[in-house]
Number of protein chains: 2
Amino acid sequence: MNLKELADSLNLSPTTVSRALNGYPEVREETRARVLAAAKAANYAPNSRARRLATGRAMTIGHVIPLTGRAEMVNPIFADFLIGAGEVYAREGYDLLLSMVTDGDTEGAFRQLAANGSVDGVMVQAPVADDPRIALLKELDLPFLVHGRTGDPTGYSWLDIANIRAFRRATDFLLDLGHRRIALLNGQEAFDFAQRRRRGFEEALAARGLAPLPHLMADDAMTESFGYLTASAMLDGPEPPTAFLASSVIIAIGIRRAASERGLRLGRDLSVICHDDELSYLNNDVGGPAFTATRSSIRAAGRRCAEILIELIRHPERPPIQELWDTDLTVGQSTGPCPTR
Amino acid sequence: MNLKELADSLNLSPTTVSRALNGYPEVREETRARVLAAAKAANYAPNSRARRLATGRAMTIGHVIPLTGRAEMVNPIFADFLIGAGEVYAREGYDLLLSMVTDGDTEGAFRQLAANGSVDGVMVQAPVADDPRIALLKELDLPFLVHGRTGDPTGYSWLDIANIRAFRRATDFLLDLGHRRIALLNGQEAFDFAQRRRRGFEEALAARGLAPLPHLMADDAMTESFGYLTASAMLDGPEPPTAFLASSVIIAIGIRRAASERGLRLGRDLSVICHDDELSYLNNDVGGPAFTATRSSIRAAGRRCAEILIELIRHPERPPIQELWDTDLTVGQSTGPCPTR
DNA sequence: GGGCATTTCCAAAGCGCTTTGGGTTGCGGA
DNA sequence: TCCGCAACCCAAAGCGCTTTGGAAATGCCC
């Protein structure tokens, strides 16, 4: 069933049927009702391919996921962000095009999307320092929103959490408990967010005249095994940390495993703070928060990012939209005073 | 830059340029080379919307994710499956359309996709008993592949792992170690896979004349907190289990937390086996496998599912394709003989 | 060199929708 | 009675591509 057939069956022109379905005012309400009823009865839905061609809009937003080498984007936060964004897209009538890039040529993928017009805008996640994607997308004149930020953050739209502040506060919290040998298990420092977190950590130390301890700092893909292996090595090494600051709950879970193997109880023998993205399957709140954590819902971020991106698509001349979200600090059972020995 | 402009600049007809770009034989190689060079120089890419309309193919595959109430699909395995499938789609020139359904009307979403022709086929994940999606998709005549299976599995294409066999084997493994009070922490038993796993568990017990213990069986969304809370309650209750069988590493991590809080060491005081989907950020293999586990890569499943679905789309008259994958049993450090007391 | 099969290219007709630029019709006011 | 204005509807022209059905040019054979 297509528009013409539907129109014929109603003794109307395709024009009128199209207008009736799309809510234009030039059609009598009675006619519109007739059309809507017939469309429903015939289970008619306008062909999206034809509609996209005719309107020139793709009604689609692209997410490009690089799959190079390490876990990188293939981490669990990716799913929750996607879900949040997808909810909004569905509500607003946009499709979500997910594009995996295996050859490392993310920029080529963007060029392709722009050239063949299959999306109206794209989401940029996990920017690295002076991320080339930003310059490229400006050049391509394709609406985009960055989750995170980098370089000079004035010329484009982004949404980010206050990473420096969060990690500075978390570090202060540990320092206030008397900890001095604090380890930082960070995400890959190629990413801007990890650099900021490190900076927050170092600033807090510096404010008390302390220097970071190189042997207690590591960064890598945020996996459980990274947390486990790194924490194990640090705990078994000279000058072991009395507290850990981790960039993700996943890492913290690895740390917990290392601690538990060594008979160390969290909150008493060892303290752990992490950043909690509030992943749906790693709820940190059951029976009181397990980990003391800085928190910010990645799913809510996905939702808001989608809203902003759609706004940018609808109003291309709009000045950039920028949002900085503060994080919460929730005190859980994984932190306590530095054990004196 | 569109086809006509490109053709004009080459003094060729759009027909010829289109054929040159699409590899048809009716064009001289020299001409083809000229066209390709010009297209590249002009950074030309055919408009995908127009192409889709003209060919009648969407070159898009849909994944529909229900977001009703509980975590359900919003679990971490979803991401890895998606990534695997996405790799193949990208290689084969298909787009991946991700559709979130928030109002619970998954079937309506499928109808919509079929009616407006925005996908050539869909992936069905996590089927429940006699899943209505299967009948619907047959009726809509939309190619689809089920990851998992349910009901009468002869009339459609699917890929599944041997859940019964896996859980039977895992249970046997625990029984051989002398365990008798074995707890099952399953995924939601509305899902077919969870029902099969339970069946494998019960069959293994029955084969030794044992009955399952109702107070040691639970099923829910596979979150860390489900594992933690349920294991805590069971361990603190009467007749605590000496071993756990869990449907996911995530659940097992929760069990480990409960055990560790009670000073129980895995592999010595308490045994845990889980099913491991080989999630990229929860590698179970670092420094020897942490958990004894039945294993099957969900990402590899995603890849293979995508391949099969594309095959089905290309050859609609093909008889159903069905694949049953066996799982590996990897012995890790989380299991040991039943402690005698 | 003419006939015939290839090779190489093109004009034009869709694909199914939206949208522009009118045409009718009906009604109130002069 | 006629005009003007809404209200309602339609024909036709795109959107940018693919593909059918030739036509012109070329090559080959006898």
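Convention: sequence-line order gives letters A, B, ...; per-chain numbering from 1.
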**Request:** Could you list where the contact with chain A starts and ends along DNA chain D, reading 5' to 3', using a 4.0 Å heavy-atom cut-off?
**Result:** D:dC8 to D:dG16
**Message:** Any base atoms under 4.0 Å from B:N11, or only sugar-phosphate, or nothing? Heavy atoms, all strands.
**Reply:** sugar-phosphate
**Message:** Need one value for B:T55: base, sugar-phosphate or nothing, where a base atom within 4.0 Å counts as base even if backbone is also close, heavy atoms only.
**Reply:** sugar-phosphate
**Difference in axis direction between the ends of the helix from C:dG1-D:dC30 to C:dA30-D:dT1, five pairs, 10°** = 50°
**Message:** How many whole angstroms separate atom CD of B:E30 from atom P of C:dT7?
**Reply:** 17 Å
**Request:** Without swapping roles, check the side chain of A:D80 against the backbone of A:I77 for a donor-acceptor pair under 3.5 Å.
**Result:** no
**Closest contact, heavy atoms only, B:A114 versus B:L142** = CB-CD2, 4.2 Å
**Asked** To the nearest Å, how far apart are B:Y24 OH and C:dT7 C1'?
**Response** 18 Å
**Message:** How close do A:Q125 and A:R133 get, counting heavy atoms only, and between which atoms?
**Reply:** O-NH2, 2.9 Å
**Request:** Give the rounded distance in Å between these two atoms: CD of B:E29 and P of C:dC9.
**Result:** 11 Å
**Request:** Grab the two heavy atoms, one from B:T106 and one from B:V101, that are nearest each other, plus how far apart they are.
**Result:** N-CG1, 3.9 Å
**Request:** Quick one: label B:R49 by what it contacts on the DNA or RNA (base, sugar-phosphate, nothing), any heavy atom closer than 4.0 Å.
**Result:** nothing
**Asked** Reckon A:S48 touches a base, only the sugar-phosphate, or nothing at all at heavy-atom distances under 4.0 Å?
**Response** nothing
**Request:** May I ask you to check whether A:R318 and A:S157 show a side-chain donor-acceptor distance below 3.5 Å?
**Result:** no
**Item:** Shortest non-hydrogen contact from B:V88 toward B:I310
**Value:** CG1-CD1, 4.1 Å
**Request:** Nearest-nucleotide wise, let me know which of B:E26 and B:L53 is further upstream toward the 5' end of DNA chain C.
**Result:** B:E26
**Fill in**
Residues passing the side-chain hydrogen bond (donor to acceptor under 3.5 Å, both in side chains) test with B:S99, sequence neighbours excluded, are none
**Request:** Check whether any side-chain N or O of B:D277 sits under 3.5 Å from a backbone N or O of B:L279 as a donor-acceptor pair, and report yes or no.
**Result:** no
**Request:** Assign the ring pair B:H63 / B:Y89 to parallel, tilted or perpendicular, where the plane angle (0 to 90°) is split at 30° and 60°.
**Result:** perpendicular
**Request:** Measure from CG on B:L12 to P on C:dC9 and round the result to the nearest Å.
**Result:** 7 Å
